[in-house]
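So you know, we letter chains A, B, ... as the sequences are listed, proteins then strands, and number each from 1.
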Amino acid sequence: MQSRLINIHKKLLKHFGRQHWWPGETPFEIMVGAILTQNTNWGNVERAINNLKQAQALNPQKMVESKASNVECWIKPSGYFRAKTKKLKIFCGWLLKNGGVPGVGGWGLGELRRELLGIWGIGPETADSILCYALGKKSFVVDAYTVRIFNRLGLIKTKDYHEIKKIFENDLPRNLKLYQEYHALIVALGKNYCKPKPACENCPVKSLCSD
DNA sequence: ACCCAGGGTCATA
DNA sequence: TATGACCATGGG
């Protein structure tokens, strides 16, 4: 399995090139993006983040202090704007209480991951995205594309998040840039070739990933 | 007019 | 444990 996963990464890298993820300028912006992109097209998230920047609200303090109706207005393009406003406010409250980005950045991976998962609105993928891309922790991110693609390739036969995460983390070299690049490439692959319907027979993914 | 998107929570069986 | 409803905007 090990050589398969690494081999697939190599092929994807060759085909798509480096993705330079996460698209965001600061760790906090990456964290906000990780929450806003939940089940949402990235283009819509960019509009929301631009609104926050324009309002000079892209910092934890302002996020907590601002009226909910204002935050809702800024992030409206990213959808689920009421739910996500609540998530952002709760998350930023937690962040401030714990010394901001520098404060939580010093924690160990295991402890920090459990903390994040304890926050309302932060599930496994959002937590791992924050860990891996905002804080540089070696925590592999699994998403719907990963589940779909690797099941279709026949390399896994489970949809369980943590099972799949372990498969990747056990088999891949423990390398941050590899974790970051691999997940980004999986998203590139999923966006371009691996739609839910139809589940194509001659899926380009298979030839792309075959030996 | 449909399906989909870089999920997560909650209620129900 | 495992489905289903719900959250909501914008692109194809």
Side-chain angles (χ1 to χ4, degrees), chain A residues 9 12-13 16-25 27-52 54 68-94 113-135 137 139-152 157-165 168 178-200 203 205:
Chain A
H9 170 261
L12 293 179
L13 182 57
F16 290 106
R18 293 203 176 278
Q19 302 298 300
H20 304 291
W21 269 30
W22 188 284
E25 297 174 8
F28 182 71
E29 181 177 333
I30 292 170
M31 295 173 181
V32 170
I35 290 171
L36 293 183
T37 198
Q38 288 174 358
N39 201 36
T40 299
N41 184 298
W42 180 255
N44 288 1
V45 176
E46 285 187 317
R47 295 178 182 176
I49 289 180
N50 284 336
N51 289 343
L52 289 171
Q54 206 152 3
S69 57
N70 283 331
V71 179
E72 288 169 4
C73 182
W74 294 325
I75 71 169
K76 190 171 301 248
S78 68
Y80 305 128
F81 55 86
R82 296 187 197 89
K84 284 174 179 175
T85 290
K86 184 177 170 187
K87 292 178 184 183
L88 285 176
K89 279 182 160 293
I90 290 175
F91 172 75
C92 289
W94 170 84
R113 191 169 192 278
R114 278 189 295 277
E115 269 288 322
L116 288 170
L117 290 177
I119 301 170
W120 186 88
I122 308 291
E125 185 181 338
T126 307
D128 287 328
S129 296
I130 290 172
L131 288 165
C132 186
Y133 292 105
L135 297 172
K137 308 286 184 186
S139 197
F140 196 86
V141 181
V142 176
D143 68 342
Y145 292 129
T146 315
V147 177
R148 190 190 309 155
I149 291 170
F150 285 83
N151 271 290
R152 282 187 189 172
K157 49 180 176 38
T158 174
K159 295 179 178 179
D160 181 82
Y161 187 98
H162 289 98
E163 254 185 85
I164 297 173
K165 178 182 172 65
F168 278 84
L178 175 62
Y179 282 19
Q180 293 175 331
E181 193 61 33
Y182 205 157
H183 171 64
L185 285 166
I186 288 171
V187 173
L189 179 61
K191 278 183 173 173
N192 287 287
Y193 295 121
C194 201
K195 298 299 181 182
K197 289 187 270 188
C200 39
C203 184
V205 170

As a test of reading the structure: which of B/dG8, B/dA5, B/dG6 is closest to the side chain of A/Trp21, going by heavy atoms?
B/dG6
Side chain of A/Pro124 only, please: which of B/dC4, B/dG8, B/dG6 is the nearest?
B/dG8
Students often get this wrong, so: under 4.0 angstrom with heavy atoms, is A/Ile35 touching a base, only sugar-phosphate, or nothing?
nothing
Can you name the side chain to side chain donor-acceptor pair (under 3.5 Å) partners of A/Ser78, sequence neighbours left out?
none
So, using side chain to side chain donor-acceptor pair (under 3.5 Å) as the criterion, who are the partners of A/Asn151 when residues are at least two apart?
none
So if I define the base as every atom that isn't primed, P, OP1 or OP2, how would nucleotides 2-12 of chain C read as a B/S/- string at a heavy-atom cutoff under 4.0 Å?
-----BBBSS-
Rounded to whole Å, please give me the gap between [atom1] in [X] and [atom2] in [N].
| X | N | atom1 | atom2 | answer |
| --- | --- | --- | --- | --- |
| A/Gln38 | B/dG7 | CD | P | 8 Å |
| A/Lys159 | C/dT1 | NZ | P | 17 Å |
| A/Leu117 | B/dG7 | CG | P | 16 Å |
| A/His162 | C/dT1 | NE2 | P | 14 Å |
| A/Leu88 | B/dG8 | CG | C1' | 14 Å |

Runs of at least three consecutive Watson-Crick or G-U pairs, both distances under 3.5 Å, are what I'm after; which ones involve DNA chain B?
B:2-5 with C:9-12, B:7-13 with C:1-7
A/Trp42 on top of B/dG6's base, within under 5.5 Å and under 30°?
yes
Quick one: side-chain contact (heavy atoms from CB on, under 4.5 Å) partners of [X], sequence neighbours excluded?
| X | result |
| --- | --- |
| A/Phe81 | A/Glu72, A/Ile75, A/Lys76 |
| A/Asp143 | A/Glu125, A/Tyr145, A/Thr146, A/His183, A/Ile186, A/Val187 |
| A/Pro27 | A/Val101, A/Ala134 |
| A/Asn70 | A/Lys67, A/Trp74 |

Excluding sequence neighbours, so at least two apart, what forms ring-ring contact (aromatic ring centres under 6.0 Å, His included) with A/Trp22?
A/Trp42, A/Tyr133
Residues at least two apart in sequence or cross-chain that pass ring-ring contact (aromatic ring centres under 6.0 Å, His included) with A/Phe168, listed by chain then number, are A/Phe140, A/Phe150, A/Tyr182
Which atom names give the shortest non-hydrogen contact between A/Ser139 and A/Arg113, and what distance separates them?
OG-NE, 3.9 Å
With the criterion being N/O to N/O and under 3.5 Å, what pairs connect the protein with nucleotides 10-13 of chain B, and how long is each?
from	atom 1	to	atom 2	distance (Å)
B/dC10	OP1	A/Trp120	NE1	3.1

When you match A/Ile122 and A/Asp143 each to their closest nucleotide on DNA chain B, which lands nearer the 5' end?
A/Asp143
When A/Ile119 and A/Arg148 are each assigned the nearest nucleotide of DNA chain B, the 5'-most assignment goes to A/Arg148
Do side-chain atoms of A/Gln180 reach the backbone of A/Cys132 as a donor and acceptor pair under 3.5 angstrom?
yes
Donor-acceptor pair, distance only, cut-off 3.5 Å: does the side chain of A/Gln38 make one with the backbone of A/Gly121?
yes
When rounded to the nearest Å, what value does the distance between P atoms of B/dC4 and C/dG4 take?
16 Å
Roughly how many Å apart are B/dG8 and C/dG10, using the P atom of each and rounding to a whole number?
22 Å
Taken in chain and number order and not counting sequence neighbours, the residues that satisfy salt bridge (Lys or Arg N to Asp or Glu O under 4.0 Å) with A/Lys137 are none
